[in-house]
Amino acid sequence: MLILGLSIYAWVTIIVVLTMFSIMIFTKLPTEFVFLGGICVLFVSGVLDAKEAFAGFSNTSVVLIAVLFVVVAGMERTGVLQWIMRHLLGSPSSWAKAIVRLMVPVAVLSSVLSNTTVVALFVNVVKMWGKKLGISPSRLLIPLSYASGMGGVCTLIGTPPNLIISGMYAEDTGVQMNFFTTTLPGLFCLVVGILSILAMRRLLPDCQAPEDAFANAKEYTMEFLVPSDNKHIGQTLGEAGLMTVEGGQLLEVIGFDKEVVSPVDKDMLLIGGDRLVYCGRIEELLRLRHSHGLMAADNKIFAFSQDNKKRQLRTAHVRFGSPIIDKSWDDVLLKGHDEMTLVAVSRYGQRINEVPHEVVLQAGDTLLLECAPKAKSIGVEVEKALEFLDSDEMPVKSGMPTLVSSLIMLGMILLSSLDVMPLLQSAFLAAICMLLFRCCTPLQAMKSINWNILMVFAGSVVLGTAIQKTGLAEILAQGVVSVCGPHPLLVMCAVCVVGTFITEFISNAATGAMFYPIVYQAAVSMGCDPFPFLIALMISVSSSFATPIGSPTHMLVYGPGGYRFTDFMRIGFWMNIIILIANLFIVNLLWPIQQV
């Protein structure tokens, strides 16, 4: 039965796609659950049979991504990225030279490694490097994120859409794309991107780094609780030595009956349950708390010993989509949350002068936390809600292991690019060598596989299959062709514009998988070779510069850079247009559209 020219299955697919889009854009539900739900609906409704619904999990591109996680783990564990960071950044004499020294190696690394991994490892280094050069980190972190995205386009394994689109193309045509298929257009767009950033330098924000608000501010406001067994109870504040702290003072006392006393008299008696509100240097305030047996005024803090001298300060950033957004620290219910004390909150590089655990948190907020030694007491749920960029739990080897893992990666690239063996086989060989030569342990290899990401990739492939099977791809392709007329270049341009826009809000892998059948059918219906259309699609769905939610790497730098949402839009909008033009130009120059 047809409804408005479409089958029931086609309408179910449309509803599923639109619902998934809406959920991913307007809710905080994890993307992998959205895709899993979409697969279930398509399977239960009969749009896809069992083989088709779960084919994404055995798709060669998805398997390849899983294997590459192991290869990357070997390189991380042997310190390859750390070695590159130490030796390539140097001491450039100007901001322009610093941008080039930063973006080129980051792009090269992102062409063979996960761009998210590269950016995560570079963020803190770039911030320290920027301060050493006298450059605001905010003028370096956006270029860092952009470089990782543009570098990923340069090889077949550099970004997920390249793998997914090339895998679908191989299934439809039997033609395998080469490892370096996208290198020339990718390099051209990278060069154009670097020159564009240099030309638009005034559009880069000059923000104060969030942690500078913690490090440089002379005074903080902290609230301490007097426990009922405190030895100073019954003494006056003056006798107990609680009236002043080096570089600060006692602002007010909140009694157990909620009565607020301000200004405070030194002859006031100290009573159990009193809350003392101080301003002063944070180190001195924490020292006072330990020396006088006070406790952080947070109801959840009683779960651990306040006198643990090993406790330390750490900074973390609230992730986009984090479950703690729009909640105060008192309202947070995450395993491991009770092991940390929220000391201060910074937003857009400015410390919020409120009681920290009562501040309603937002995405990108920087939190100063006092907690146990790293990797000892922070729960998995907290790690997912917050981005800790000062982790040093990874053991870094040096010397021979670093060289071995580098040679293994190089061998994988050469075997694939010289057509000695397919990329999937060479990746499996590289992963086995990483384990044999102890670049990483089997346990580390298994932990390195991000199953959430694989779920998204598998779901993307299944969604693309549904769009193609129900005839939607052909109908949409015909619609694009009819709107643009019999002009292949206009069709390519329209698809790239829409692809670039959509990928600002959902994953580039999902966008690539959903647009592949539409682009392929459009090219075939015009009698054209789909190849150049697909290369242009690969670049466009990885060119999301205008919003911080357009890429995981943007989210990684959003908090550390002290950015506002509009900071990305101001320069990213123009970057989207420039890279779109560069993409269309270079693809049509290298692979002119031809009738077949």
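The analysis underlying the following values was restricted to heavy atoms, covering all of them including side chains, and did not include hydrogens, waters or symmetry mates.
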Applying side chain to side chain contact (heavy atoms under 4.5 Å, CB included), name anything that partners [X], two or more places apart in sequence or on another chain.
X	result
A170	Q176
T159	P161, N162, N508, S542
L429	L415, M421, C433
S145	T553, H554, V557

Distance, nearest 0.5 Å, that separates [atom1] of [X] from [atom2] of [Y]:
X	Y	atom1	atom2	result
L133	L102	CG	CG	10.5 Å
I164	M538	CD1	CE	10.5 Å
I324	W329	CD1	CH2	5.5 Å
L537	I165	CG	CD1	4.0 Å
I535	S540	CD1	OG	11.0 Å
L163	M177	CG	CE	11.0 Å

What I'd like to find out is whether the side chain of [X] reaches to under 4.5 Å of the side chain of [Y], using heavy atoms alone.
X	Y	answer
L361	I325	no
S543	L580	no
K127	L141	yes
C496	N583	yes
L204	W95	yes
M103	I197	yes
V63	F428	yes
I157	M412	yes

Which atom of [X] lies closest to which atom of [Y], heavy atoms considered:
X	Y	answer
L42	A466	CD1-CB, 3.9 Å
C440	A445	SG-CB, 4.3 Å
Y169	V175	CD2-O, 3.6 Å
F533	V519	CB-CG1, 3.5 Å
L590	P185	CD1-CD, 3.7 Å
L386	A316	CB-CB, 4.0 Å

Applying side chain to side chain donor-acceptor pair (under 3.5 Å), can you list everything that pairs with [X], at least two apart in sequence or on another chain?
X	value
S93	K97
Q362	none
D365	R347

Can you list, pair by pair, the side-chain donor-acceptor contacts under 3.5 Å of residues 105-113, counting residues two or more places apart and other chains?
| unit_1 | atom_1 | unit_2 | atom_2 | d |
| --- | --- | --- | --- | --- |
| S110 | OG | V106 | O | 2.9 |
| S111 | OG | V108 | O | 2.5 |

### Query
Is the backbone of F180 close enough, under 3.5 Å, to the side chain of T155 for a donor and an acceptor to pair up by distance?
no
Residues two or more places apart in sequence or in another chain: which of them pass ring pair (Phe, Tyr, Trp, His ring centres under 6.0 Å) with [X]?
X	result
F188	F585
F43	F54
W591	F531
Y520	Y516

### Message
Under the criterion side chain to side chain contact (heavy atoms under 4.5 Å, CB included), I'd like the reasoning laid out for T181 against S166: C-alpha separation, chi angles, the key distance, then a yes or no.
### Response
CA-CA 10 Å; T181 295; S166 63; over 6 Å; no
### Task
Would you sort out whether M434 and S405 count as a side chain to side chain contact (heavy atoms under 4.5 Å, CB included), showing the intermediate values?
CA-CA 7 Å; M434 288 290 185; S405 64; 3.9 Å; yes
### Task
Any chance you could lay out the side chain to side chain contact (heavy atoms under 4.5 Å, CB included) test for I579 and M150, step after step, and finish with the verdict?
CA-CA 9 Å; I579 298 303; M150 290 186 287; 4.1 Å; yes
